[in-house]
Amino acid sequence: MTEPWWISLIKAAVVINLLLGVFAYTTLLERKVMGRMQLRYGPNRAGPFGVLQPIADLVKLIRKEAFTPTQALDVPYIVAPVLSAFTALAAFAVIPFGEGWHVWRWDVTGQIVDVPISLILIFALGSVGIYGFIVGGWASESKYSLLGSMRTCAQLVSYEVSLALSVLGVVLMGQSLSLTEIVEKQGDTIWFAVPQFIGLVTFFVAGVAETSRAPFDLPEAESELVAGYHTEYSGMRWGLFQMAEYVNMITLSGLCVTLFFAGWHGPWAPLGPLWFLLKVAVILFVFIWLRTTLPRLRYDQLMAFGWKVLLPVATLNALVTALLVVAID
Amino acid sequence: MAIAPERPEIYAGSRIPRIPTVLELPAALRDSDDVLQVNFGPNHPSTHGVLRLVVDLHGETVVGLNAKVGYVHTGFEKNMEAKTWWKAITYAPRIDYLAYQANELVFVQAIEKLLGLPLPEKATWMRMLLCELNRIHSHLVWLGTAALELGAISMFWYCFRERDQILDLSELVTGYRMHTRYFQAGGLAEDVPPGFYPECRRFVETMPGAVDQYEDLVDRNQIWLKRTKGLGLLSADDAIALGQTGPVLRGSGVDWDLRRDDPYLAYDRVDFAVPVYENGDVYDRYRVRMDEMRESTRIVEQCLRRLERLDGEPWIADDRKVVLPPREELHTSMESLIHHFKIVTEGYRVPEGEVYVAVESPRGELGCYVVSDGGPRPWRVKFRGASFVALEATATCMVDAYIADLIAIVGSLDTVMGEVDR
């Protein structure tokens with residue numbers, strides 16, 4: 001028997017809380033890893049090894065004044081962070097973290113909802129989430145925010161094209177848009193990271209740009225635009241933007257694991273969701289590593305790279321894959 | 001969005017705007033609604049201190065620029081006129097807080113020139129050593145912050161690792177980590193403490209490796225090269241016309257270094273090269289500073305070799321009218337007690353006259369003009385600051401620049417606002 005609605009609801013509650021937990025500890029991981037890479041300790045005061053730091057941060061953010069500039073357009077100003085955070089969290093709903101289990105008399109799937117077009121859903125939600133960043137910066141009525149918004153607009157829209165194109169190869173090889181089926185296919189044959197290596201690289205690069213992480217952190221380039229689109233935000237509204245950014249990063253890592261690293265399958269030992277988590281953690285580590293190492297690109301270089309390098313490579317990859325899939329069939 | 005500006009290798013003719021510090025809006029954009037005026041500073045994450053740049057933006061392109069200074073004006077020069085000569089020394093290092101040793105040196109040298117005091121051998125070499133350590137320190141802070149502004153955040157901590165060693169050395173020898181006030185008219189305030197030479201030698205041995213590490217991290221990084229090469233151009237002629245000195249001038253291909261061309265202390269007795277690069281862009285200024293760190297390390301090493309043989313020699317001139325008598329003499333000698341009392345209360349008198357002394361600070365020619373009316377206080381003190389002059393080149397360098405370049409270019413000029421505003 002397939003699962004009833006209330007099981008999905010329980011799963012949603014569990015996953016959303018887990019996701020928020022992972023988000024909180026990603027911030028700690030980032031600060032710790034960056035600290036170590038930069039000859040520092042990172043946070044180590046709140047609790048042993050600083051493990052309570054995310055909680056302290058949360059309490060601080062909630063208690064802070066949520067400041068609104070007088071000139072800001074109230075409704076979009078408040079809605080923007082909520083929208084970003086919502087879409088970021090919602091996108092994770094379709095990412096499969098396990099094979100699915102048989103509990104009593106129900107077949108419980110390994111994600112919150114199994115949508116046959118889950119890949120498209122994730123990109124759609126991502127595109128809506130971008131509006132949060134754009135509108136937030138625009139509604140703040142600040143020049144820095146406006147510039148940040150402009151950059152977000154240009155960057156995220158440009159790189160989304162490459163991001164979508166880079167997974168086309170995987171879709172062709174998996175012959176499905178359902179993430180569960182793509183993972184199953186990889187479990188049966190080979191991890192797509194091997195045949196789709198170029199796809200993986202373009203996906204990852206476009207993904208870093210899509211989550212506006214260094215070296216593509218132009219929308220919030222601190223040394224240039226103070227804080228970009230969220231310059232005028234404070235308190236938990238700012239926290240929601242941060243949450244959206246980190247959750248997007250986690251979702252993207254999850255998607256990367258699903259598409260290229262066979263999701264919950266491991267090289268040995270059927271640990272299921274643990275493999276998934278481990279792989280996500282490794283990819284998150286790479287995100288952080290990049291941030292500590294690389295300088296930031298300039299706006300025109302970013303655009304040139306996106307349109308002149310990444311997009312042709314992604315297109316070519318999809319094209320060659322399509323030809324090969326047809327030829328082998 | 002504006003079309004990507006073309007980036008020529010180096011330009012011909014002069015690019016200096018009508019008012020050198022102001023880049024005026026092109027006539028076509030003057031009444032346009034597309035131009036956004038933004039204040040970068042005086043409070044902004046990337047400005048060094050409190051520089052305020054009023055920038056006109058057309059999309060991401062910088063089309064107008066107006067640099068405003070004066071936010072940390074504290075009246076150092078005027079204050080120094082109200083203090084006795086030996087108390088005024090304390091003010092000098094605080095003007096340029098990254099090149100404190102050079103500032104101290106230039107003022108002390110001005111006093112010595114007026115007094116005609118000879119400098120003992122040990123003081124000469126120790127001053128050189130500390131000034132070169134200070135040059136490395138200043139360049140390290142520059143490299144760290146400039147890289148931070150371009151987004152390479154980790155460089156900051158790597159640079160500060162070595163910087164901290166220099167500050168430790170400074171603490172060991174002078175008792176202070178910065179603003180040491182170790183140079184005294186006639187020599188040094190104290191003898192070099194035992195244990196300094198081996199510690200310093202250890203630093204000299206590790207420093208070249210550290211510079212290699214920095215280069216490994218950024219110099220072959222495509223993003224770094226793309227962000228620094230071919231932008232912020234300043235031709236040799238423009239650099240001279242704008243009175244540039246130091247790494248900015250040498251990065252534009254002019255071979256000029258006061259340490260070699262107008263030697264002071266004992267720079268004519270050490271072996272070092274003056275790095276010169278031709279392209280006049282941000283990258284070449286970076287290269288000059290990297291090479292200078294290596295050369296400074298070599299100078300420090302040569303100073304050390306000399307100093308180790310000068311153990312037990314005097315560190316300050318033997319002139320009781322200017323130099324404080326040794327502490328132990330105060331209990332036994334009436335003359336010493338009187339001298340001590342006179343110097344501490346009234347201060348020593350400096351003969352009437354005026355001098356201009358210039359040294360090569362990490363930022364270029366640092367000059368000090370001093371007038372004495374023969375009294376215990378300077379009648380007029382005026383500094384010629386290299387960063388103030390470097391800031392005048394901002395508008396000239398800013399042709400065809402994006403916002404991100406603006407940050408890189410202002411960073412590459414290495415201005416210290418304390419010295420600009422004084």
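The chains referred to below are lettered A, B, ... by the order of the sequence lines, with proteins before strands, and numbering in each begins at 1. Computed from a prediction, not measured in an experiment: that's the story for all the values here. Any value given below was found using the heavy atoms of this structure, including those in side chains, with hydrogens, waters and symmetry copies removed.
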Exercise. Can you tell if the side chain of A:R298 reaches within under 4.5 Å of the side chain of B:E60, non-hydrogen atoms only?
Worked result: no

For this session: Answer yes or no: is there a donor N or O on one side and an acceptor on the other, between the side chain of B:S154 and the main chain of A:T292, under 3.5 Å?
Result: yes

Exercise. Looking only at heavy atoms, which of residues 158-168 of chain B get nearer than 4.5 Å to chain A?
Worked result: B:Y158, B:R161

Exercise. Under the 3.5 angstrom rule, does the side chain of A:K143 hit a backbone N or O of B:Q37 as a donor-acceptor pair?
Worked result: yes

For this session: Go through the atoms of B:L57 and report whether side chain, backbone, both or neither lie under 4.5 Å from a heavy atom of chain A.
Result: side chain

Exercise. Of the non-hydrogen atoms in B:F40 and A:Y144, which two are nearest, and what is the gap between them?
Worked result: CA-OH, 3.6 Å

Exercise. Between B:L36 and chain A, which part of the residue has a heavy atom less than 4.5 Å away: side chain, backbone, both or neither?
Worked result: side chain

Exercise. Which distance, rounded to the nearest 0.5 Å, do you find between the NZ of B:K226 and the CZ of A:F305?
Worked result: 8.5 Å

Exercise. Hey, is CD on B:E215 packed in by over 12 heavy atoms from elsewhere, all under 6.0 Å?
Worked result: yes

Problem set entry | Nearest non-hydrogen partners of A:R296 and B:E149, listed with the distance | NH1-O, 3.6 Å

For this session: Under 4.5 Å heavy-atom distance to chain B, tell me which part of A:R151 shows up: side chain, backbone, both or neither.
Result: side chain

Problem set entry | Residues from residues 33-46 of chain A approaching chain B under 4.5 Å (heavy atoms) | A:M34, A:M37, A:Q38, A:L39, A:R40

Exercise. Atom OG1 in A:T293, atom CD1 in B:I223: separation rounded to 0.5 Å?
Worked result: 10.0 Å

Problem set entry | Interatomic spacing from CG in B:L150 to CG in A:L297 - rounded to 0.5 Å | 11.0 Å

